[in-house]
Enquirer: 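Before we start, here is the structure in question, set down as structure tokens.
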Amino acid sequence: MHAHLLPLLSLLPLLPHALAAATDTRSPTSSVPGKAFSRFVTIWLENTDYAKADGDPSLTWLSSRGIKLSNYFAVTHPSEPNYVAAVGGDYFGINNDDANTLPANVSCIADLLDDKGISWGSYQEDMPYSGFTGAEYRNQVTKANAYVRKHNPLVMFESVAGDPERLALIKNLTWFGKDLEAKTLPQWMFITPNMTSDGHDSSVTVAGSWTRAFLEPLLDNEYFMNDTLILVTFDENHSYTTQNRVLGILLGGAVPANLVGTTDSNYYDHYSEIATVEANWGLSTLGRFDVGANVFAFVANATSDTIRAPANLDSIYLNESYPGIFNDKKWGPQPAPNTELEQNGRKVLQAIKDEWEDDQDQTYYTGSLEVPSSANPPTYG
Ligand SMILES: *[C@@H]1O[C@H](CO)[C@@H](O)[C@H](O)[C@H]1NC(C)=O
Ligand SMILES: *[C@@H]1O[C@H](CO)[C@@H](O)[C@H](O)[C@H]1NC(C)=O
Ligand SMILES: *[C@@H]1O[C@H](CO)[C@@H](O)[C@H](O)[C@H]1NC(C)=O
Ligand SMILES: *[C@@H]1O[C@H](CO)[C@@H](O)[C@H](O)[C@H]1NC(C)=O
Ligand SMILES: *[C@@H]1O[C@H](CO)[C@@H](O)[C@H](O)[C@H]1NC(C)=O
Ligand SMILES: *[C@@H]1O[C@H](CO)[C@@H](O)[C@H](O)[C@H]1NC(C)=O
Ligand SMILES: *[C@@H]1O[C@H](CO)[C@@H](O)[C@H](O)[C@H]1NC(C)=O
């Protein structure tokens, strides 16, 4: 038995029979240099309108240490599809928070990172053990919501959940502290606070102060900060009938000193997270909405990517899902990635081309900046 499993034994009476399925925990590292940063960290908070987040004192403090993104959009409602989009380059019509699983032939950012040997992982607060695939894990004392699968993007992909080596990279947030101490943090990581800490069952005040308390000591940690880009953002806006704009804050040692305390008002959305990582490390692409998304401006400066503006910012709502395989109101066929798309020299991952190039009549990705919504659903072929 691995030594690190021993502490879990004390939890045996608290856990369902699931402990038998407990996965190993892994913390592989790598040091692949990027053009603008060599580590990417994102922390996702919940359900807050732009103005409210921007007015929170803790988040304002964080903005003052980095770059505030004032035109960053979520891509639909409710939560789950936004998380899926940020790692998958589409949300496949998801209009719910159900236990959806993306089939094994749907690639995600993990495939692009693995292709270049870039280590990745996820830290999920209050996940009962590494690689847990259950829908939720509550606080065992108060029974309040704590960990939820719908906020854990990679575990919703069968290509991750079906592979024990990959599942072992999705760990409790307590492992963040251990990996920090041991200098075994991955180069790409997704951090999800629990349902209290992320504001879902509390308020933006709680989410803001949790995030400041988590990050403030790290901002002085040379190992953590060195060449690191941190994105703090929200899954979605609170008000369904308005534009789905959320706050984004870029922080970390990779942010150029002359940009600290500034605001970047270029148009971004959750697909920009993938596009920025692809541009930075010269990754292949997923052939989905990642291809057309804007790269964060200071990174685009280093990668020679062009920042574009939407034709009409005021008409962008992104407040309701279009039809798709997981839409429980309006079904649509599974789209094929567009294997011909290219952006600033970045091409679709060869393995994706091999799988999908004969299905191009079923694609709806055009490489444009503007993404579909229920009001403008995607057109196939
Ligand atoms: C992708 O996987 C799904 C689910 O297994 C299957 O229905 C679909 O035919 C597959 N598509 C391709 C092109 O392999
Ligand atoms: C998971 O993390 C929480 C805090 O995030 C901690 O209280 C709990 O003990 C951890 N559980 C395990 C099994 O490590
Ligand atoms: C979530 O984590 C925080 C610590 O970060 C803790 O105070 C809180 O009790 C946790 N929420 C639940 C429901 O367990
Ligand atoms: C910072 O990261 C760079 C690679 O991006 C590395 O060459 C350098 O040694 C690191 N410095 C410290 C102090 O860790
Ligand atoms: C999205 O916003 C439009 C414009 O305000 C509104 O007509 C529509 O009802 C909204 N959709 C939802 C699901 O609230
Ligand atoms: C949601 O974001 C939009 C765009 O910034 C903003 O106009 C709207 O006020 C937000 N919703 C609310 C209720 O503040
Ligand atoms: C891009 O680079 C130019 C020239 O080095 C610099 O003046 C500008 O501030 C940079 N912009 C951003 C957003 O990084």
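Whatever order the structure lists them in is the order used to number ligands and atoms, beginning at 1. Being a predicted model, the structure only gives us computed values, none of them experimental.
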Enquirer: Could you tell me, atom by atom, which parts of ligand 3 come under 4.0 Å of a heavy atom of T196?
Expert: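 What qualifies from ligand 3 is 11 (N), 12 (C), 13 (C).
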Enquirer: Where's the contact between L259 and ligand 7, heavy-atom distance under 4.0 Å: side chain, backbone, both or neither?
Expert: side chain
Enquirer: Knowing that exactly one of N327, D328, T76, N95 qualifies, which makes a side-chain hydrogen bond (donor to acceptor under 3.5 Å, both in side chains) with S321?
Expert: T76
Enquirer: Could you check Y317, Y267, F234, Y268 and say which one makes a ring-ring contact (aromatic ring centres under 6.0 Å, His included) with F73?
Expert: Y267
Enquirer: Give a yes-or-no answer on whether the side chains of D97 and S79 include a donor-acceptor pair shorter than 3.5 Å.
Expert: no
Enquirer: Does L173 have a non-hydrogen atom less than 4.0 Å from ligand 3?
Expert: no
Enquirer: Using a strict cut-off of 4.0 Å, indicate which atoms of ligand 3 neighbour a heavy atom of N194.
Expert: 1 (C), 2 (O), 3 (C), 8 (C), 10 (C), 11 (N), 12 (C)
Enquirer: Looking only at heavy atoms, is any part of E125 under 4.0 Å from ligand 3, and if so is it the side chain, the backbone, or both, or is it neither?
Expert: side chain
Enquirer: Please state which protein non-hydrogen atom is closest to atom 9 (O) of ligand 1 and give its distance, to 0.1 Å?
Expert: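 Protein heavy atom at minimum distance: N105 ND2, 4.7 Å.
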Enquirer: Which of parallel (below 30°), tilted (30 to 60°) and perpendicular (above 60°) describes F176 and Y123?
Expert: perpendicular
Enquirer: By number and element, which atoms of ligand 3 are closer than 4.0 Å to a non-hydrogen atom of W210?
Expert: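 This gives 5 (O) as the contact atoms.
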Enquirer: Mind checking the OH-CG spacing from Y380 to D361? Nearest 0.5 Å is all I need.
Expert: 11.5 Å
Enquirer: What are the two closest non-hydrogen atoms of V348 and K353, and how far apart are they?
Expert: O-CE, 3.6 Å
Enquirer: Please report the closest heavy-atom contact between R346 and V295, naming both atoms and the distance.
Expert: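 Nearest pair, atom of R346 first, then V295: NH2-CG2, 4.2 Å.
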Enquirer: Are the side chain of S38 and the backbone N or O of P33 linked by a donor-acceptor pair below 3.5 Å?
Expert: no
Enquirer: If the cut-off is 4.0 Å to any non-hydrogen atom of A144, which atoms of ligand 3 fall inside it?
Expert: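 Checking each atom against A144, I get 13 (C).
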Enquirer: Which of the atoms in ligand 1, numbered in the order shown and given with their element, are less than 4.0 Å from a heavy-atom of Q334?
Expert: 1 (C), 3 (C)
Enquirer: Test of understanding: given a 4.0 Å heavy-atom threshold, classify the contact between D201 and ligand 3 as side chain, backbone, both, or neither.
Expert: neither
Enquirer: With Y322, which of F92, W331, Y91 fulfils ring-ring contact (aromatic ring centres under 6.0 Å, His included)?
Expert: Y91
Enquirer: Quick one: nearest non-hydrogen protein atom to atom 2 (O) of ligand 7, plus distance?
Expert: N301 ND2, 2.2 Å
Enquirer: Using a strict cut-off of 4.0 Å, indicate which atoms of ligand 1 neighbour a heavy atom of D359.
Expert: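 Within the 4.0 Å cut-off of D359, ligand 1 contributes 13 (C).
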Enquirer: Under 4.0 angstrom from ligand 1, any heavy atom of E355?
Expert: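 Checking ligand 1 against E355, which is what was asked, there is a heavy-atom contact under 4.0 Å.
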Enquirer: Can you tell me how the ring of F289 sits relative to the ring of Y271, calling it parallel under 30°, perpendicular over 60° and tilted otherwise?
Expert: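 F289 and Y271: tilted rings.
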Enquirer: Atom 7 (O) of ligand 1: protein heavy atom closer than 4.0 Å?
Expert: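 No, because not a single protein heavy atom sits under 4.0 Å from atom 7 (O) of ligand 1.
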Enquirer: Which of the numbered atoms in ligand 3 are under 4.0 angstrom from any heavy atom belonging to S197?
Expert: 1 (C), 2 (O), 3 (C), 5 (O)
Enquirer: Protein non-hydrogen atoms only, distance under 4.0 Å: does atom 11 (N) of ligand 1 have such a neighbour?
Expert: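 Given the 4.0 Å limit, the answer for atom 11 (N) of ligand 1 is yes, a protein heavy atom qualifies.
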Enquirer: Give me the nearest non-hydrogen protein atom to atom 5 (O) of ligand 1 as residue plus atom name, then the distance to 0.1 Å.
Expert: P103 CB, 4.4 Å
Enquirer: Verify the neighbour count for atom NZ of K347: are there more than 12 heavy atoms of other residues, nucleotides or ligands below 6.0 Å?
Expert: no
Enquirer: Does any N/O atom on W356 come nearer than 3.5 Å to any N/O atom on ligand 1?
Expert: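 No; the residue has no nitrogen or oxygen that sits under 3.5 Å from a nitrogen or oxygen of the ligand.
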Enquirer: Verify the contact flag for atom 14 (O) of ligand 7, where contact means a protein heavy atom under 4.0 Å away.
Expert: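 It does: a protein heavy atom is found less than 4.0 Å away from atom 14 (O) of ligand 7.
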Enquirer: What do you reckon, are the aromatic ring centroids of Y129 and W175 less than 6.0 Å apart?
Expert: no
